[in-house]
Amino acid sequence: MRTIKTAVGSAIAIMLAQFFNLASPTAAGIITLLSVTNTKRSSFETGLFRIASLALACTISFLCFTLIGYNAIAFGFYLLFFIPLAVKGKMSDGIPVSSVLVTHFLIAKEMTIGLLLNAFLLLFIGVGIAWLANLFMPDVTKELKESQSIIDDKIRQLLVGMSFYLSDKDTVVDCDNLLDKLKVALKQSETKARLHDENQLFSEDSYYLDYFTMRRLQVNILSKMNQVIKEIEVEDSRVVVTGVEQLLLKTASYFSEENDAKDLSKELTAVLVAYREADLPRTRDEFEHRAKLYQLLNEFERFLELKTTFSEKHPPRRL
């Protein structure tokens with residue numbers, strides 16, 4: 001899609017420059033080629049920086065050519081001053097384009113109003129066509145929603161698997177494989193969500209990006225919980241373990257985009273109370289297993305807090 005937009009846009013830019021009888025019309029096509037980016041926002045920002053960059057380039061080149069003459073040495077001094085200033089002003093993308101347009105003054109050995117106007121018109125046409133081309137971006141909302149559904153379903157499976165492992169350590173649950181698949185899916189989804197966010201030109205829509213970031217952080221916690229669960233001896237803390245097991249199952253049942261996890265946090269508090277009221281450990285092994293269980297509960301508390309924080313920032317709106 002980007003290749004087609006770049007090819008068509010560059011051709012149109014050259015034809016427009018020719019229509020207005022501008023000198024070096026092919027420069028407009030090259031500018032379009034360099035200005036079509038992956039997102040609307042980046043294309044818009046790149047274009048603005050290139051316009052500002054050309055204004056700075058014309059000012060510096062005018063001083064250099066006036067003081068030294070229209071020669072290679074003057075162009076060298078122009079670059080010596082222009083490049084660091086452009087970099088400092090975050091206009092690095094505009095350095096090549098602006099410098100090519102400045103060479104038109106060097107070749108003509110003058111900087112007239114007409115040549116300045118020609119340079120800016122070439123830039124406006126090239127950048128303008130790139131902006132128009134980037135207005136046509138595929139809507140990935142449906143894909144993002146599908147990714148949400150797939151990822152949430154895998155997290156439910158993971159929670160159920162961890163619960164089953166607590167209830168019966170002989171149960172074969174491939175939680176490690178589920179975690180690996182989740183991490184890959186989340187990485188891909190975050191990339192798509194970031195592009196979606198940057199394609200909102202005049203508005204902020206970080207919902208999906210924040211959502212997948214939140215889920216990624218939750219999966220990182222679940223990964224730690226998965227390791228801890230393997231080290232817990234169930235029979236040493238049966239009463240508390242049963243509460244954790246039921247909490248994981250309930251979380252899986254109510255796990256959704258809309259659930260703010262506040263009710264689940266209350267359930268967790270009840271399990272923590274049971275933990276504190278349980279009989280004291282009688283052996284060193286039992287003490288260590290109880291400590292692991294407490295670590296598991298703390299991690300799960302962080303897991304729920306992430307969703308509550310997200311829900312406060314983004315109240316349910318995509319039902």
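Heavy-atom basis, side chains included; hydrogens, waters and symmetry copies ignored.
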Do you know the tightest heavy-atom contact between Gly89 and Phe49?
O-CE2, 4.4 Å
Can you establish whether the number of heavy atoms outside Phe255 located under 6.0 Å from its atom CZ is more than 12?
yes
Decide yes or no for Ser99 and Leu79: does some side-chain heavy atom of the first lie under 4.5 Å from some side-chain heavy atom of the second?
yes
Within the side chain of Ser61, is there an N or O that forms a donor-acceptor pair under 3.5 Å with the backbone of Cys58?
yes
Over all heavy atoms of both residues, which pair between Ala74 and Asn71 is shortest? Give the atoms and the distance, please.
N-OD1, 2.9 Å
Between Asp153 and Arg156, is there a side-chain N and carboxylate O pair less than 4.0 Å apart?
yes
Non-hydrogen atoms of Lys40 and Asn199 that approach each other most closely
N-OD1, 2.8 Å
Out of Arg194, Glu190, Gln218, which one pairs with Thr213 under the side-chain hydrogen bond (donor to acceptor under 3.5 Å, both in side chains) rule?
Glu190
Take atom CD1 of Ile4 as the centre, draw a 6.0 Å sphere, and report whether it contains more than 12 heavy atoms from other residues, nucleotides or ligands.
no
Using 30° and 60° as the class limits, which term best fits the ring planes of Phe75 and Tyr78: parallel, tilted or perpendicular?
tilted
Donor-acceptor check, side chain of Ser253 to backbone of Leu249, threshold 3.5 angstrom: yes or no?
yes
I'd like to know if the side chain of Asp260 reaches the main chain of Ser311, judged simply by a donor and an acceptor atom lying under 3.5 Å from each other, with no hydrogens or angles considered.
no
Within the side chain of Lys307, is there an N or O that forms a donor-acceptor pair under 3.5 Å with the backbone of Glu257?
yes
Single hit among Phe212, Tyr208, Tyr207 for ring pair (Phe, Tyr, Trp, His ring centres under 6.0 Å) with Phe310:
Tyr207
What is the minimum heavy-atom distance between Leu182 and Ile151, and which atoms define it?
CD2-O, 3.6 Å
Applying side-chain contact (heavy atoms from CB on, under 4.5 Å) to Lys90 and not counting sequence neighbours gives none
Test side-chain hydrogen bond (donor to acceptor under 3.5 Å, both in side chains) on Asp210 and His314 and set out the steps.
CA-CA 9 Å; Asp210 289 347; His314 298 284; 2.8 Å; yes
Worked verdict on Tyr211 versus Ser189 for side-chain hydrogen bond (donor to acceptor under 3.5 Å, both in side chains)
CA-CA 10 Å; Tyr211 187 88; Ser189 298; over 6 Å; no
Shortest non-hydrogen contact from Lys192 toward Val140
O-CG2, 4.4 Å
Could you tell me whether a side-chain N or O of Ser149 sits under 3.5 Å from a main-chain N or O of Lys145, the two making a donor and an acceptor?
no
Side chain of Ser206, backbone of Leu209: donor and acceptor closer than 3.5 Å?
no
Given 3.5 Å as the limit, does a donor-acceptor pair link the side chain of Ser43 with the main chain of Ser35, or not?
yes
Can a donor-acceptor pair be found, under 3.5 Å and without considering hydrogens, that links the side chain of Arg216 to the backbone of Lys187?
no
Atom CZ of residue position Phe120 - does it have more than 12 heavy atoms of other residues, nucleotides or ligands inside 6.0 Å?
yes
Locate the shortest heavy-atom distance separating Ser42 from Thr46; write the atom from each residue and the value.
O-OG1, 2.7 Å
Examine distances only and state if a side-chain atom of Asn134 and a backbone atom of Thr37 form a donor-acceptor pair shorter than 3.5 Å.
yes
Please answer whether the main-chain N or O of Glu245 pairs with a side-chain N or O of Ser163 as donor and acceptor at a distance below 3.5 Å.
yes
Ionic contact status for Arg302 with Glu299, cut-off 4.0 Å:
yes
